[in-house]
Amino acid sequence: MPELPEVETIRRSLSRNIINKKIISVTVRDRRLIKEPSLAEFKKHIKGSRVSEVSRRGKVLLIGLDNKKYLIIHLRIAGWLIYPQLQKKARVVFKFSDNTFLNYMDQRALGELRLLEDYKQFSFLKRLGPEPFELTAAEFSQRLKMRKTNIKNLLMNQEIIAGIGNIYAQEALFLSGINPQRSALSLNSGEVRKLHKSIVAILKKAIRNKGSSIDLYRDTQGNKGGMQECLMVYDKKGQPCYHCKTKIVKINIAGRGTCFCPQCQS
DNA sequence: AATGGGACCTGCGCGC
DNA sequence: TGCGCGCAGGTCCCAT
């Protein structure tokens, strides 16, 4: 579900709401989600701590605690967070001393929660590529260089660039007029620059619109995002292209549905 | 290095 | 109405 813009929307809302709050209890209703350390350790170290910061790397949420540990949340496909009311369906609940609740929700239970001292050693974060907004076109071009894989897979490869998933990869390619099946190697420098610009533009627009609510995603207050209204190709199979009216086509790339306009994207 | 398949999960919509 | 199937915003692991 959540890609960079959705996670950033959550981050902003959490940093407005839970900074300096003290966690007085942790209820884990689904222990499969707690990846490390042990469940007992996880609870023990969180209980009694205070939230000192809320940051983000790619699609990963980093909640810093005043005991120098970090609560690392990866929402994967269907995770989301609700604050402040206690939710019946929450799989993990953090209760604050002011009687508010941070609820970790996840229809598919694929998300991951960790409590780490040194989050930079967490292998996923260690390997994670640069933040899109901190990446220049030249660096982006360097990272794509000599890669034979199709460009869409590379955009979704978190080691190349962090935060892009199946929705925004498709949208960025549409904005750039690039066919998702093209090999990265085949892109000329003008196309790479255009793609870089499109990625930044689509992610910023999505953040402004508080993310895309295709299905379950909600912000921490339970509100839908607005970006789904602005998507040009994602899930638009058979519909006319906004530019040329050609029917949008859906294909499968590495097991993921991929929509594009066969006329505008070459 | 790159690609393909399956695994992890749950729930929805579709066609029959 | 009910069932089986395919599919869904992500990532890892294994085989080739």
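So that the names make sense, note that chain A is the first sequence line, chain B the second, and so on, each numbered from 1.
Across all strands shown, B:dT3 pairs with C:dA15; the Watson-Crick or G-U wobble distances both stay below 3.5 Å. C:dT1: no Watson-Crick or G-U partner with both key distances under 3.5 Å is found in any strand. Shown here, C:dG9 forms no base pair; nothing in the strands shown gives a Watson-Crick or G-U wobble contact with both key distances under 3.5 Å.
With hydrogens and angles ignored, the 3.5 Å screen pairs no side-chain donor or acceptor of A:E3 with any backbone N or O of A:L203.
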TODO: Given side chain to side chain donor-acceptor pair (under 3.5 Å), test A:K152 with A:Q181 step by step and report yes or no.
DONE: CA-CA 7 Å; A:K152 193 217 171 199; A:Q181 300 166 101; over 6 Å; no
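For C:dG9 and B:dA2, the P atoms lie 23 Å apart once the distance is rounded to whole Å. Remark: the separation of the P atoms in C:dC3 and B:dC8 is 25 Å, to the nearest Å. Distance check on atom P: C:dC5 versus B:dA7 gives 15 Å, rounded to whole Å. B:dG4 and C:dC7 have their P atoms separated by 16 Å, given to the nearest Å. Straight-line distance between the P atoms of B:dG5 and C:dG6: roughly 14 Å, to the nearest whole Å.
Between A:L75 atom CG and B:dT10 atom P there is a gap of 18 Å when expressed in whole angstrom units. When the P atom of B:dC9 is taken as reference, atom CG of A:L113 falls 15 Å away, rounded to whole Å. The distance from atom CD of A:E6 to atom C1' of C:dG10 is 13 Å, rounded to the nearest whole Å. Rounding to whole angstrom units, CG of residue A:D235 and C1' of B:dG13 are separated by 12 Å. The CD atom of A:E159 sits 13 Å away from the C1' atom of B:dA2 (whole-angstrom rounding). When the P atom of C:dG9 is taken as reference, atom CG of A:L110 falls 13 Å away, rounded to whole Å. One atom, CD1 of A:I253, and another, P of C:dC7, lie 15 Å apart when rounded to the nearest Å. Between the CD atom of A:E112 and the C1' atom of C:dC12 there is a distance of 9 Å, given to the nearest Å.
Contact annotation for A:G111: no contact, since no heavy-atom pair falls under 4.0 Å across all strands.
Remark: A:K59 is not in phosphate contact with C:dG9, judged by side-chain N or O atoms under 4.0 Å from OP1 or OP2. For the pair A:R32 and B:dT10, the criterion of a side-chain N or O lying under 4.0 Å from OP1 or OP2 is met. In terms of phosphate contacts, A:K35 brings no side-chain nitrogen or oxygen within less than 4.0 Å of OP1 or OP2 of C:dT11. For A:R108 and B:dG11, the shortest distance from a side-chain N or O to OP1 or OP2 is not below 4.0 Å. Using a 4.0 Å cut-off, some side-chain N or O of A:R256 falls inside it from OP1 or OP2 of C:dG9. The side chain of A:T149 places no N or O atom within less than 4.0 Å of a non-bridging phosphate oxygen (OP1 or OP2) of B:dA1. Side-chain N/O atoms of A:H74 include none lying less than 4.0 angstrom from OP1 or OP2 on C:dG10. Listed pair A:Y168 / C:dG9 fails the phosphate criterion, with no side-chain N or O lying under 4.0 Å from OP1 or OP2.
Atom NZ of A:K210 is surrounded by 12 or fewer heavy atoms from other residues, nucleotides or ligands within 6.0 Å. More than 12 heavy atoms of other residues, nucleotides or ligands sit less than 6.0 Å from atom NZ of A:K21. Within a 6.0 Å sphere centred on CZ of A:R31, heavy atoms belonging to other residues, nucleotides or ligands number 12 at most. In this structure, A:K197 places its NZ atom where only 12 or fewer heavy-atom neighbours from other residues, nucleotides or ligands lie under 6.0 Å away.
Within residues 175-185 of chain A, no residue has any heavy atom closer than 4.0 Å to DNA chain B.
Side chain of A:E3, nearest nucleotide from C:dA8, B:dT10, C:dG9: C:dG9. Of the listed nucleotides (B:dA2, C:dT11, C:dG9), C:dT11 has the atom at the smallest distance from the side chain of A:F124. Side-chain atoms of A:R76 lie closest to C:dG10 of the nucleotides B:dT3, C:dG10, C:dC12.
A distance of 11.0 Å separates CG of A:L14 from OG of A:S55, quoted to the nearest 0.5 Å. A distance of 12.0 Å separates CG of A:D219 from NZ of A:K224, quoted to the nearest 0.5 Å.
Aromatic ring orientation, A:Y83 versus A:F96: perpendicular (interplanar angle above 60°, classes split at 30° and 60°).
Take the nearest nucleotide of DNA chain C for A:Q158 and for A:K250: the residue whose nucleotide is more 5' is A:K250.
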